[in-house]
Amino acid sequence: MEKIVLKGLTIPKLEDFVLSIGESKYRAKQLYNGLHKQNYYSFNQFTNLPQSLRNKLEEVASIPKIQLVKRLKSVDGTQKMTFDVGNEKLVEAVWIPSNRGERKTICVSSQVGCTLACAFCATGLLNFEGNLKTWQIIDQVIQIEELVGERATNIVFMGMGEPMHNYFSVVSAAHILHDPEAFDLGAKRITISTSGVIPSIERFIKNKEPFNFAISLNHPNPSTRGTIMNIDKKYPLEKLLKTAKEFTQVLKRRITFEYIMIPKVNMGKENATRLIKIAKSMDCKINLIPLNTDFNGWKRPTDEEAQKFMDLLQDANVPVMNRKSPGKDIFGACGMLSLKG
Ligand code: SAH
Ligand code: SF4
């Protein structure tokens with residue numbers, strides 16, 4: 001019989017488990033704490049449990065670990081870790097300390113590869129090899145914190161994959177990261193990003209999830225967005241914007257739009273005008289990201305080009321930020337995660 005993986009299970013699920021092996025319900029909390037706060041990898045470390053129970057757990061359950069296979073350090077302080085999540089399936093996660101050091105972000109992957117193949121993203125060129133389980137997501141955080149010897153202050157689901165194609169595992173991981181009994185990170189310090197999977201966004205709204213939410217808009221024109229993002233054909237921009245607005249109205253929270261700046265594709269005056277119109281239609285902010293990859297004959301904008309586009313938005317009083325994705329030299333910046341470097 002295959003052993004049950006306990007890491008990544010919430011307390012109600014762990015309660016079901018302990019009851020199923022004839023133990024008292026309160027053991028669930030002890031297991032949860034050992035797995036997600038003490039970061040134990042062996043049942044022998046659970047010294048608060050009787051030896052007989054530890055032996056029983058050893059027989060029926062396991063605490064697997066994703067394996068570090070590569071660690072790269074950028075000149076700017078960013079680090080990229082490659083992990084084997086099992087069966088030689090590889091994912092990457094990134095440690096991003098801010099310049100002044102007060103913010104330390106871990107960018108986690110949610111899938112092995114990505115099915116969506118956006119025209120600008122290197123992850124989309126990889127074969128898709130499946131969804132990550134909750135434990136495989138939180139283990140990225142545990143192991144990176146251990147490797148760098150520091151705690152993260154922020155987690156972003158912006159690594160490999162489309163988080164909203166793996167809703168259950170991603171949202172469960174976010175809850176464990178948020179839970180004061182586990183990682184204890186504020187909900188506003190956890191950000192989930194999507195290219196626009198409308199049914200999953202609706203579910204997120206319906207469940208009133210407390211986490212920050214970002215939509216990769218990337219093009220403001222309904223007839224053109226689909227030429228760089230396949231997902232737009234299934235979930236078109238106009239419907240996506242309606243759902244985004246619903247998010248802000250139902251949850252009474254600001255939403256973030258990410259917008260890659262690609263010269264000659266989406267940085268014209270007309271694009272800015274449309275983007276401003278979108279920004280004015282709901283409570284949102286815009287994160288601009290200069291293109292980091294150079295396939296399709298596209299080039300990263302110069303600092304002047306990026307600033308010019310940003311000025312257009314700022315002049316219209318749109319809350320906007322230029323997200324200077326660090327870690328380019330180790331292929332660790334946005335859109336670059338493709339097992340290279
Ligand atoms: N699949 C999700 C989350 C991962 S991508 C999504 O697409 O939202 C995280 C961010 O990186 C997205 O906003 C995406 O638009 C951006 N990105 C992808 N490729 C990029 C590139 N080549 N340069 C800069 N940003 C990129
Ligand atoms: Fe997938 Fe996001 Fe990359 Fe598009 S940008 S291919 S959705 S990871």
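Atoms within each ligand, like the ligands themselves, are counted from 1 in listed order.
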Please state which protein non-hydrogen atom is closest to [atom] and give its distance, to 0.1 Å?
{"atom": "atom 18 (C) of ligand 1", "value": "Gly335 CA, 3.5 Å"}
{"atom": "atom 6 (S) of ligand 2", "value": "Cys118 N, 3.4 Å"}
{"atom": "atom 1 (Fe) of ligand 2", "value": "Cys114 SG, 2.3 Å"}
{"atom": "atom 26 (C) of ligand 1", "value": "Ile260 CD1, 3.3 Å"}
{"atom": "atom 25 (N) of ligand 1", "value": "Cys334 CB, 3.4 Å"}
{"atom": "atom 4 (C) of ligand 1", "value": "Gly159 O, 3.4 Å"}
{"atom": "atom 6 (C) of ligand 1", "value": "Ser216 OG, 3.4 Å"}
{"atom": "atom 1 (N) of ligand 1", "value": "Gly161 O, 2.9 Å"}
{"atom": "atom 15 (O) of ligand 1", "value": "Asn218 ND2, 3.1 Å"}

Subject >> Side-chain donor/acceptor of Ser169 to backbone N/O of Leu132, under 3.5 Å >> reply: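 Indeed, once roles are kept as given, a pair shorter than 3.5 Å links the two residues.
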Original post:
Are the side chain of Lys37 and the backbone N or O of Pro180 linked by a donor-acceptor pair below 3.5 Å?
Top reply: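 Side chain of Lys37 to backbone of Pro180, a donor-acceptor pair under 3.5 Å: yes, one is there.
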Quick one: look at [X] and ligand 1, take heavy-atom pairs under 4.0 Å, and tell me if it's side chain, backbone, both or neither.
{"X": "Glu162", "answer": "both"}
{"X": "Asn292", "answer": "both"}
{"X": "Ile289", "answer": "side chain"}
{"X": "Ile215", "answer": "neither"}
{"X": "Ala214", "answer": "neither"}

Just which atoms of ligand 1 are under 4.0 Å from any heavy atom in [X]?
{"X": "Thr194", "answer": "6 (C), 8 (O)"}
{"X": "Glu258", "answer": "13 (O)"}
{"X": "Met158", "answer": "4 (C), 5 (S), 9 (C)"}
{"X": "Pro290", "answer": "24 (C)"}
{"X": "Thr293", "answer": "22 (N)"}

Subject >> Sidechain N-carboxylate O distance under 4.0 Å for Glu129, Lys89 >> reply: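 Here Glu129 does not pair with Lys89 in a salt bridge, since their nearest N and O are not under 4.0 Å apart.
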Is [X] atom [atom1] crowded by more than 12 heavy atoms from other residues, nucleotides or ligands, each under 6.0 Å away?
{"X": "Lys299", "atom1": "NZ", "result": "no"}
{"X": "Glu238", "atom1": "CD", "result": "no"}
{"X": "Arg253", "atom1": "CZ", "result": "yes"}
{"X": "Lys269", "atom1": "NZ", "result": "no"}

Original post:
On the ring face of Tyr41, is Lys7 found with NZ or CZ under 6.0 Å from the centre and within 45° of the axis?
Top reply: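 Geometry flag: set, cation within 6.0 Å and 45°.
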Original post:
Would you say the side chains of Asp329 and Ser74 form a donor-acceptor pair under 3.5 Å?
Top reply: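 Judged by distance alone, the side chains do pair up.
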Original post:
Do you see a donor-acceptor pair shorter than 3.5 Å between the side chains of Gln307 and Asp311?
Top reply: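 A donor-acceptor contact under 3.5 Å links the two side chains.
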Subject >> Exercise: identify the closest heavy-atom pair between Ile276 and Leu313 >> reply: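 In terms of heavy atoms, the two residues are closest at CG1-CD2, 3.5 Å.
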**OP:** With heavy atoms of Ala117 as the reference, note each atom of ligand 2 found under 4.0 Å away.
**Re:**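 Answer, ordered by atom number: 6 (S).
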**OP:** Any atoms of ligand 2 less than 4.0 Å from a non-hydrogen atom of Ser195? List them with their elements.
**Re:**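 Once the distances to Ser195 are compared, the set is 7 (S).
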**OP:** Before giving the answer on side chain to side chain donor-acceptor pair (under 3.5 Å), spell out for Gln38 and Asn33 the whole-Å C-alpha distance, their side-chain angles and the decisive distance to 0.1 Å.
**Re:** CA-CA 6 Å; Gln38 313 299 333; Asn33 181 277; 3.1 Å; yes
Original post:
Quick check: does Cys121 put an N/O/S atom under 2.8 Å from atom 1 (Fe) of ligand 2?
Top reply: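 For Cys121, the answer is no, given that no N, O or S atom comes within less than 2.8 Å of atom 1 (Fe) of ligand 2.
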**OP:** Determine the interplanar angle of the Phe247 and Phe213 rings, folded into 0 to 90°, and report it as parallel if under 30°, tilted if 30 to 60°, perpendicular if over 60°.
**Re:**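 Correct class here is parallel.
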**OP:** Give me the ring orientation class for Tyr259 and Phe309: parallel if the planes are under 30° apart, tilted from 30 to 60°, perpendicular past 60°.
**Re:**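 Taking Phe309 first and then Tyr259, their aromatic rings lie parallel (interplane angle under 30°).
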Original post:
Polar-atom distance check: Arg323 versus ligand 1, any N or O pair below 3.5 Å?
Top reply: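 In this structure, Arg323 places no N or O atom under 3.5 Å from an N or O of ligand 1.
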Original post:
Is Phe157 in polar range of ligand 1, meaning some N or O pair under 3.5 Å apart?
Top reply: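 No; the residue has no nitrogen or oxygen that sits under 3.5 Å from a nitrogen or oxygen of the ligand.
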**OP:** Show the numbers, then the answer: is there a side chain to side chain donor-acceptor pair (under 3.5 Å) between His175 and Glu209?
**Re:** CA-CA 9 Å; His175 276 285; Glu209 296 298 350; 2.6 Å; yes
**OP:** Answer with yes or no whether Ala333 contacts ligand 1, where contact means a heavy atom under 4.0 Å from a ligand atom.
**Re:**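 The answer is no: ligand 1 sits nowhere under 4.0 Å from a heavy atom of Ala333.
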**OP:** Examine ligand 1 and decide if any of its atoms is less than 4.0 Å from a heavy atom belonging to Cys114.
**Re:**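 False for this residue.
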**OP:** Name the option, out of Ser216, Gly161, Gly124, that contains the heavy atom nearest to atom 2 (Fe) of ligand 2.
**Re:**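 Among Ser216, Gly161, Gly124, the closest heavy atom to atom 2 (Fe) of ligand 2 belongs to Gly161.
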**OP:** Tell me which one of Ile260, Val197, Leu116 gets a heavy atom nearest to atom 7 (S) of ligand 2.
**Re:**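 Selected option, by shortest heavy-atom distance: Leu116.
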Subject >> Contact check, side chains of Gln79 and Leu72, non-hydrogen atoms, under 4.5 Å >> reply: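 No, side chains not in contact.
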